[in-house]
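Written out below as structure tokens is the structure these notes cover.
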Amino acid sequence: MPLLANTPVEKMTGPYSRRWWALLVLCLSLLIVVMANTSLIVAAPDMTRDLDLTSSDLQWVIDGYTVPYAALMLVLGAIGDKYSRRGALIAGLVIFGAGSVMGSLVDGTGPVIAARAVMGVGAAVVMPATLSLLVATFPRAERARAITAWTATSGLAIAVGPLVAGWLLEDHAWGSTFLINVPIVAVAVVGALFLVPPSKARDMGRIDYVGGLLSIVSVGSLVYATIEGPHFGWGAGPVTAAVVSAVGLSAFVWWELRHPRPMLDVRKFRLRPFTGSMLAVLFFFFGTFGAIYYSTQFLQFVLGYDALQTGVRLLPLAGAVFVGAALTGRLTPLFGMKVSVVAGMVIGTTGVLLLTQVDQGSTYADFLAPMLMLGFAIGLSVSPATDAIMDSFPEAELGVGGGANDTALELGASLGIAVLGSLLGTSYRDELTDLVGGQLPGAALDTAKDSVGGGLAVAEQIAKDPSAGPQQAQALVDAVDQAFAHGVAQTSLVGGIVMAAGTLIVLAVLPGRPGAGRRRARAAAAQEAAGPSPAEESLTDIR
């Protein structure tokens, strides 16, 4: 076998012998693009201090990555299908690495947001390429296990990102959380050349660039409106973006129904396994990422853990992901995809609802069970849902299938962080106003209400003021902690309700095990027509 992986998958006569090593490269590539979001959660306080970020600035430092990431995946997945899936993976890694270098060197808000946007473009190439290469490389009998490993990697990144970032921030500036991506990118690129075989669609035809442009406009505008509106008010910008998204989506559906080779055949939404799985991914990551986002803030700001300590305390979530992934590999073949997906959503919903019990006196122990449940639910439900989505696409559209799955995932996560984060901020502000509204000067109160970090900063200033002193500062800290805990509890209730509603919808949409209904119908018809013996009826049912 040659040292470089040069034989295309399409020309192989049997399964690729180094496919499990190739999967390792794909999972490594996936790991860093997911970590780019989760690591920033613990790096945000240092960035806020060094760059003097406002709440709006910090939101766009985070979401400058999200908008291109979510908007471009469908189109870039199709381009990878047509020209080269491995080439797309390598190109995406290089773009991602370039954005990481840029982010580590700049020292202003605008350049950091721009660097994050470049990384988001790279991630939008990498993520669908990893999934399409996985499906193209693995035979059907092994694909579910490979997708389970891919899903477990996503869950691992949720915990590993904050852990690695926390470790770096012990001795280095926040720029190191960008720079750590560069050696990993280099390893992944070399691994792709040596271990990942080339792959592209056969007889794909021309790409539907009009449909691709409409998808970019629709998803990008929706993500922008979702981020900007709840956090900063529904002014002209967010409202216009929402209208553009609605018009763009309508135009996209109209165009795709009439195009002979659509970017995404919207008729697939008539398929219950596809639609149910897309909804499951969307609803699940809405609640899960939102809950992890504000739980991490509670660990840092209220319980006082530093970045590394926070990362360590998220590790049980990663372990639970692997347990859930191992279990779904056994349960799904036995009971069917619907049972695994819905069971995972029920467990995840319960985990979010447990956070409604959080109060000012809560400790890490109160977050441990919800974290374990959310991690277990990710491992249990996301893999079979992803497998069902990819099964809905032919070989020529694997990149589009990966883009559709990943768009649902990223859109759900973005909506969860934006909507639940906005609800958390509103609840925090209202509660803090009730507690200390008449005790602080107007400017100080506005700063304290902006965020929990702002409230603690005001308390530090009060502690240094001879006319106030530590006692008043501690009273404000207690009020900030109480208000934030109240916000976590109220937001978790809303998030849990949304996830519960999503679970019921998915339960109604997803079909049962394929073939079970047909076997029962055949057995009933045979019994009615010929009155078979129990043994004969059993034989008919097996057939």
Side-chain angles (χ1 to χ4, degrees), residues 31 34-35 37-42 44 151-167 283-328 343-383 409 412-413 416-417 420-421 424 452 481 484-485 487-496 498-500 503:
L31 182 72
V34 178
M35 278 175 53
N37 255 349
T38 59
S39 62
L40 199 66
I41 295 174
V42 296
T151 302
T153 301
S154 298
L156 178 65
I158 295 173
V160 170
L163 180 65
V164 172
W167 171 66
F283 278 110
F284 187 81
F285 279 93
F286 175 92
T288 299
F289 264 68
I292 291 172
Y293 174 73
Y294 56 71
S295 295
T296 304
Q297 290 188 61
F298 193 97
L299 296 181
Q300 287 185 281
F301 290 111
V302 177
L303 298 184
Y305 296 123
D306 62 25
L308 179 59
Q309 292 170 333
T310 301
V312 169
R313 282 160 178 79
L314 291 176
L315 282 178
L317 184 148
V321 171
F322 281 95
V323 174
L327 191 58
T328 199
M345 293 187 73
V346 169
I347 294 170
T349 300
T350 305
V352 173
L353 288 174
L354 281 178
L355 292 172
T356 60
Q357 303 304 306
V358 168
D359 57 27
Q360 185 181 358
S362 293
T363 64
Y364 170 66
D366 297 295
F367 288 84
L368 183 58
M371 291 281 186
L372 290 171
M373 296 177 76
L374 288 172
F376 183 79
I378 290 172
L380 187 64
S381 64
V382 177
S383 173
L409 186 157
I417 291 174
L420 296 182
L424 174 66
V452 61
D481 289 351
F484 193 74
V488 167
Q490 294 298 309
T491 304
S492 297
L493 178 61
V494 175
V498 172
M499 284 190 70
T503 302

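Computed from heavy atoms alone, side chains included, the values below leave out hydrogens, waters and symmetry copies.
Residue M345 comes nearest to M499 through the heavy atom pair O-CE, 4.3 Å, listed as atom of the first residue, atom of the second, then distance. Residue G344 comes nearest to F284 through the heavy atom pair O-CE1, 3.9 Å, listed as atom of the first residue, atom of the second, then distance. The heavy-atom pair separating G161 from S39 by the smallest distance is O-CB, 3.4 Å. Contact detail for V352 and A291: the closest heavy-atom pair is CG2-CB, 4.2 Å. G351 approaches P370 most closely through the heavy-atom pair O-CB, 3.4 Å. Closest approach of L353 and L493 over heavy atoms only: CD2-O, 4.2 Å.
For the atom pair CG (L354) and CE (M373), the distance works out to 5.5 Å, reported to the nearest 0.5 Å. The distance from atom CD1 of I378 to atom OG1 of T328, rounded to the nearest 0.5 Å, is 13.0 Å. Remark: L156 CG to T151 OG1 distance equals 12.5 Å, nearest 0.5 Å. The distance from the CD1 atom of I347 to the OG1 atom of T503 is 10.5 Å, given to the nearest 0.5 Å. Note: L374 CG to T350 OG1 = 10.0 Å, rounded to the nearest 0.5 Å. In this structure, L368 CG and L317 CG are separated by 10.0 Å, a value rounded to the nearest 0.5 Å.
In terms of the side chain to side chain donor-acceptor pair (under 3.5 Å) criterion, residue partners of S492 (sequence neighbours excluded) are, by chain and number, Y294. Residues passing the side-chain contact (heavy atoms from CB on, under 4.5 Å) test with S295, sequence neighbours excluded: L355, F367, M371. Not counting sequence neighbours, the partners of A485 by the side-chain contact (heavy atoms from CB on, under 4.5 Å) test are F298, V358. T356 is linked by a side chain to side chain donor-acceptor pair (under 3.5 Å) to nothing, counting only residues two or more places apart in sequence or in another chain. For S383, the side chain to side chain donor-acceptor pair (under 3.5 Å) partners are T148, not counting sequence neighbours. The side-chain contact (heavy atoms from CB on, under 4.5 Å) test applied to M35 returns L31, T38, A157, V160, V164, not counting sequence neighbours. For the side chain to side chain donor-acceptor pair (under 3.5 Å) test, no residue two or more places apart in sequence or in another chain qualifies with T153. Residues forming a side-chain contact (heavy atoms from CB on, under 4.5 Å) with A343 (at least two apart in sequence, or on another chain): L380. The ring pair (Phe, Tyr, Trp, His ring centres under 6.0 Å) test applied to F289 returns F285, not counting sequence neighbours.
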Show which side-chain atoms of residues 301-311 pair as donor or acceptor with protein atoms under 3.5 Å away, not counting sequence neighbours.
unit_1, atom_1, unit_2, atom_2, d
D306, OD1, L308, N, 3.2
D306, OD1, Q309, N, 2.7
Q309, OE1, D306, N, 2.9
T310, OG1, D306, O, 2.9

